[in-house]
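Before any comments, here is the structure.
Not measured: the values here are computed from a predicted model. Both counts, for ligands and for their atoms, begin at 1 and track the order of listing.
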Amino acid sequence: MTVFDYDLFVIGGGSGGVRAARVAGTLGKRVAIAEEYRLGGTCVIRGCVPKKLFVYASQFSEHFEDSAGFGWQVEGASFDWKKLVAAKDKEVTRLEGLYRRGLENAGVEILESRAEFLDSHTIRLVKTGHTVTAERIVVATGGSANPHAALPGHELCITSNEAFDLPELPRSILIAGGGYIAVEFANIFHGLGVDTTLIYRGKEILSRFDLDVRQGLHRAMEEKGIRIVCTDVIEEVTKAPAGGLIARTLDGQTLAVDTVMLALGRDPDTKGLGLEAAGVETDAKGAIVVDDYSRSSVAHIYALGDVTDRVQLTPVAIHEAMCFIETEFKSNPTKPDYDLIATAVFSQPEIGTIGLSEEEACKRYPEIEVYRAEFRPMKATLSGRSEKMIMKLVVDAATRKVLGAHILGHDAGEMVQLLAISLKAGCTKDDFDRTMAVHPTASEELVTMYQPSYRVSNGERV
Ligand code: NDP
């Protein structure tokens, strides 16, 4: 019988990889994890966590303004970008330490090196040149920002990677893209006082969300002073003679800005991993092709998280890791469940969403009911801010099942996490109606919209 160095070798120390390695370690398996950069992966090091800290930082400008309506006078408020970056670095380093300790406590060997396949059981550690063997291997190398190499001048632009550590806060920024990252960073930079423009190729930002909340967010961002240019793309970026950059667009606009940021999606990180040597198949985008259990074309090699280009979200990668553990180490074959994944866009106002958008629901169900409320949140009455909240439930008229819930406004992310439990449990609109409201809150609207705002029958609004 072949004797391997490890029962499990994990390539990539992000959310999915660390979870798989740590839990396998606690089960008494001999586990190693290789990471070439920092433990914690995109989410902890240059994604969700630092982003949310920056969102908080950027909200203070509005908080200071709003406070006047409540009797406060805040004078002399100023912002120090370098202080924020240093504070963020400290917190990220603390979290990285927690990841490291979690692995160590589970008996996992941490290898600070890039790892590449030599064959399907053998891995070379690039830093030392050593080779190791493993019975099972998990590839969880994640993804990286699409550099848009076809764009002349792309090398002058930044991506979210650099945005977290810019030496200076730019005075102006042009952000390309209409997805999560573009929208979140447009609001962050605007809140920090940067003159911000977003340019998106489609008709409306956030293409895969409910149109109502997309339009509501668009309006709210423009009212704040963020410029949004739709149906246009950057064609070329050049250096301006006096410093800064010039972006030329397809529609013939010329935009002079300090910084251009590209947020055009993320590509799976599989280049140079030696996947061919291992016999692991990838698709046209470079993503590892997996079956319903996250198993690659080689039976003992699994792939988790963004490297598979399924749903690029941290909790999904963690869930896939737990399913892998069940399948491989607990004799309980478990497929990841992708139904009804709640998600939030940390824009300002925030979006929280789960299930089918109105547009999708109309395509799948002959008749739906839409319960919709748009209102000024209580805080805005005294602050004087003109913001609006949108809450929307999409319901199958035949079964009364709630198919989707979409919220735009403060704490939408927090609300949708809890709504996700009801939708996952298959709750009907009647269950919502039977639920007592919590007063005064914004979320009470979700249980007090008794009459449908409108119905959509066979695609026609009635
Ligand atoms: P998204 O897929 O959300 O958005 C990419 C955007 O770039 C889309 O608007 C897309 O347009 C546009 N685009 C793609 N290619 C081009 C091109 N060649 N020219 C012009 N526009 C282009 O990716 P992000 O980079 O924003 O984020 C990556 C992933 O990270 C997300 O999918 C998400 O899963 C995850 N993420 C999650 C967050 C959260 O949970 N809050 C926060 C940040 C990231 P179109 O829509 O027309 O295709």
Side-chain angles (χ1 to χ4, degrees), residues 14-16 41-56 142-154 157-164 174-188 198-209 211 213-214 217-218 228-237 247 249-251 260-269 285 287 305-320 338 341-354 357 359 407-408 411-414 416-417 420:
S15 304
T42 300
C43 174
V44 174
I45 308 297
R46 46 193 177 193
C48 325
V49 170
K51 180 275 308 289
K52 189 87 188 270
L53 295 173
F54 279 21
V55 169
Y56 286 129
S144 47
N146 167 9
H148 200 1
L151 172 72
H154 69 94
C157 306
I158 64 164
T159 66
S160 56
N161 281 352
E162 294 77 29
F164 288 114
L174 172 64
I175 302 179
Y180 284 86
I181 296 179
V183 166
E184 291 180 342
F185 270 93
N187 284 281
I188 289 171
L198 184 144
I199 183 165
Y200 170 53
R201 65 179 173 186
K203 283 197 185 124
E204 188 53 281
I205 54 172
L206 292 170
S207 55
R208 288 176 291 277
F209 289 74
L211 184 60
V213 293
R214 293 163 67 194
L217 177 63
H218 186 138
I228 301 180
V229 180
C230 285
T231 61
D232 200 3
V233 288
I234 304 176
E235 279 232 303
E236 185 188 38
V237 179
T249 78
L250 187 63
D251 273 0
V260 176
M261 174 172 163
L262 305 178
L264 305 173
R266 294 177 60 83
D267 303 328
D269 265 341
K285 232 183 133 183
D306 288 4
V307 76
T308 62
D309 198 24
R310 286 177 282 184
V311 182
Q312 297 179 340
L313 295 171
T314 296
V316 174
I318 291 171
H319 173 64
E320 288 166 358
Y338 298 103
I341 297 172
T343 178
V345 182
F346 294 99
S347 44
Q348 299 167 43
E350 228 166 84
I351 288 177
T353 184
I354 179 164
S357 64
E359 299 76 47
I407 305 170
L408 175 76
D411 300 321
E414 303 290 341
V416 83
Q417 175 65 88

Mind checking what makes side chain to side chain contact (heavy atoms under 4.5 Å, CB included) contact with Q417, not counting sequence neighbours?
->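 For Q417 the side chain to side chain contact (heavy atoms under 4.5 Å, CB included) partners, ignoring immediate neighbours, are A420.
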
Using a 4.0 Å heavy-atom cut-off, say whether Q312 meets ligand 1 through its side chain, its backbone, both or neither.
->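 The answer is both.
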
With a 4.5 Å heavy-atom cut-off, do R201 and L250 have their side chains touching?
->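 A side-chain contact is absent here, since even the closest heavy-atom pair is not under 4.5 Å.
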
Using a 4.5 Å cut-off on heavy atoms from C-beta on, say whether the side chain of K203 contacts that of C230.
->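 No, too far: nothing below the 4.5 Å cut-off.
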
Identify the protein heavy atom lying closest to [atom], giving its residue, its atom name and the separation to 0.1 Å.
atom: atom 38 (C) of ligand 1; answer: Y180 CD2, 3.2 Å
atom: atom 9 (O) of ligand 1; answer: G178 N, 2.9 Å
atom: atom 44 (C) of ligand 1; answer: I181 CG1, 3.5 Å
atom: atom 47 (O) of ligand 1; answer: Y200 OH, 2.9 Å

Which atoms of ligand 1 have any heavy atom of [X] under 4.0 Å away?
X: R266; result: 28 (C)
X: L313; result: 34 (O), 37 (C), 40 (O)
X: S207; result: 45 (P), 46 (O)
X: K51; result: 41 (N), 42 (C)
X: G265; result: 5 (C), 23 (O), 24 (P), 25 (O)
X: E184; result: 41 (N), 42 (C), 43 (C)
X: R208; result: 1 (P), 2 (O), 3 (O)

Apply side chain to side chain contact (heavy atoms under 4.5 Å, CB included) to the pair L206 and H218, showing each step before the final yes or no.
-> CA-CA 10 Å; L206 292 170; H218 186 138; over 6 Å; no

Got a sec, which residues hit salt bridge (charged side-chain N to carboxylate O under 4.0 Å, His left out) with D411, two or more places apart in sequence or on another chain?
->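 Residues passing salt bridge (charged side-chain N to carboxylate O under 4.0 Å, His left out) with D411: none at all.
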
Between A263, P315, A182, C43, which one has a non-hydrogen atom sitting closest to atom 6 (C) of ligand 1?
->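 Closest candidate by heavy-atom distance is A263.
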
Indicate yes or no for a side-chain donor-acceptor contact from N146 to the backbone of D267 under 3.5 Å, with no hydrogens or angles considered.
->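 Not at all, since once roles are kept as given, no pair shorter than 3.5 Å links the two residues.
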
Nearest 0.5 Å, what's the CG-CD1 distance between L198 and I228?
->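 Here the rounded value is 6.0 Å.
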
Rounded to the nearest 0.5 Å, how far apart are CD1 of I188 and CD1 of I175?
->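 The CD1 atom of I188 sits 8.5 Å away from the CD1 atom of I175.
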
Would [X] count as a polar contact of ligand 1, with the cut-off being nitrogen or oxygen pairs under 3.5 Å?
X: G179; answer: yes
X: R201; answer: yes
X: V233; answer: no
X: A344; answer: yes

Go through the side-chain N and O atoms of S347 and Y180 and say whether any donor and acceptor fall under 3.5 Å apart.
->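 No, Y180 and S347 have no side-chain donor paired with an acceptor closer than 3.5 Å.
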
Below 4.0 Å from any atom of ligand 1, is there a heavy atom belonging to G202?
->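 No; G202 lies far enough from ligand 1 that no heavy-atom distance drops under 4.0 Å.
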
Minimum heavy-atom distance R266-K285, with the two atoms named =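 Where R266 meets K285 most closely, the heavy atoms are O-NZ, 3.8 Å.
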
Apply the test side chain to side chain contact (heavy atoms under 4.5 Å, CB included) to residues I341 and L313: give CA-CA distance (whole Å), side-chain angles for both, the deciding distance (0.1 Å), then the verdict.
-> CA-CA 10 Å; I341 297 172; L313 295 171; 4.0 Å; yes

